Amino acid sequence: MDICAVVASRSTCMRRQVGAIVVKEKRLLTSGYNGAPQGLPHCAEVGCLRSIRGVPSGERHELCRGTHAEQNAIAQAALYGVAIEGATLYCTHQPCSGCSKLIINAGIRRIVYQQPYPDDLAVELLAGAGIECLCFEGTAEN
C-alpha cells in the first residue's frame with residue numbers, strides 16, 4: 001500500500017489522489033494514477049468540471065476528464081503487452097463501477113484497497129464475478 005500511496009502522489013486530479021498497482025506472483029507489473037489522459041491539459045489548468053457542476057462523489061463519472069488509476073494501470077499493461085490475468089490490483093481507493101467492469105474483463109482476480117468508495121453497483125459487479133475484495137485496514141506500515 002506504500003507503493004500505491006507514492007503512485008497516488010503523482011495524481012493530477014484536484015478532488016482525489018488515487019494510485020493503483022497490479023501485482024502478479026509478487027512482482028509489480030504496472031501502476032497508474034488518476035489524471036487527464038496522456039498529452040491533454042490537467043484539470044488544474046482547465047478546471048474541474050465535476051467541481052464546477054457540483055457533482056457528488058460516486059456519481060456521473062463520465063463528467064470527469066480524468067482517467068482513473070485502475071484504468072491507467074490496465075491501459076499500461078495493454079500498451080506494453082503485460083499479461084495481468086490472475087493478478088491482484090492494489091489501490092488506495094475501492095474501485096468504481098466503471099473500473100470494476102474493466103478489472104473483471106482484464107482477468108484480475110483480487111483487489112486490495114484502503115479507502116471505501118460509495119458505489120454499490122461496483123460491489124455487486126465484483127461479487128458477481130467472484131473477485132475477492134479486501135479492505136486493507138490500518139496504516140500502510142502495518
Side-chain angles (χ1 to χ4, degrees), residues 1-138 140 142:
M1 293 309 291
D2 287 336
I3 295 171
C4 287
V6 170
V7 172
S9 72
R10 295 189 42 93
S11 170
T12 60
C13 180
M14 297 171 63
R15 291 179 75 165
R16 182 186 314 259
Q17 279 62 53
V18 180
I21 61 172
V22 177
V23 175
K24 188 172 181 180
E25 298 172 5
K26 299 184 180 182
R27 288 179 171 77
L28 193 155
L29 302 177
T30 66
S31 64
Y33 54 88
N34 59 330
Q38 190 174 351
L40 296 180
H42 300 302
C43 297
E45 299 170 68
V46 297
C48 174
L49 185 59
R50 291 173 57 80
S51 290
I52 292 166
R53 293 191 181 178
V55 177
S57 182
E59 296 180 16
R60 305 289 315 270
H61 297 118
E62 75 279 4
L63 294 179
C64 179
R65 67 182 286 108
T67 304
H68 289 187
E70 304 93 324
Q71 295 168 340
N72 277 323
I74 292 168
Q76 187 181 65
L79 184 64
Y80 292 105
V82 177
I84 58 174
E85 184 175 13
T88 296
L89 181 130
Y90 291 87
C91 194
T92 56
H93 294 71
Q94 182 179 357
C96 70
S97 55
C99 289
S100 294
K101 290 183 265 186
L102 286 173
I103 289 165
I104 292 164
N105 284 348
I108 291 170
R109 301 305 311 150
R110 184 171 177 253
I111 299 168
V112 179
Y113 64 91
Q114 195 162 23
Q115 300 293 321
Y117 189 72
D119 192 333
D120 293 336
L121 178 57
V123 173
E124 180 183 326
L125 291 168
L126 293 167
I131 295 177
E132 179 184 12
C133 295
L134 302 169
C135 182
F136 179 85
E137 298 195 19
N142 289 342

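The structure displayed is predicted, hence computed values, not measured ones.
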Minimum heavy-atom distance between [X] and [Y], given as atom pair plus value:
X: A36; Y: P41; result: CB-O, 3.3 Å
X: V22; Y: A87; result: CG1-CB, 3.5 Å
X: T30; Y: L28; result: O-CD2, 3.6 Å
X: N72; Y: G32; result: CB-CA, 4.0 Å
X: V18; Y: C91; result: CG1-SG, 3.7 Å

Nearest 0.5 angstrom please: [X] [atom1] to [Y] [atom2], how far?
X: C43; Y: R65; atom1: SG; atom2: CZ; value: 5.5 Å
X: E70; Y: H93; atom1: CD; atom2: NE2; value: 9.5 Å
X: C133; Y: L126; atom1: SG; atom2: CG; value: 4.5 Å

Taking C-beta and beyond as the side chain, do [X] and [Y] meet within less than 4.5 Å on heavy atoms?
X: I103; Y: I131; result: yes
X: R15; Y: R50; result: yes
X: Y90; Y: R110; result: yes
X: D119; Y: H61; result: yes
X: C96; Y: H68; result: yes

Verify, without hydrogens or angle tests, whether N34 (side chain) and R16 (backbone) share a donor-acceptor contact under 3.5 angstrom.
yes
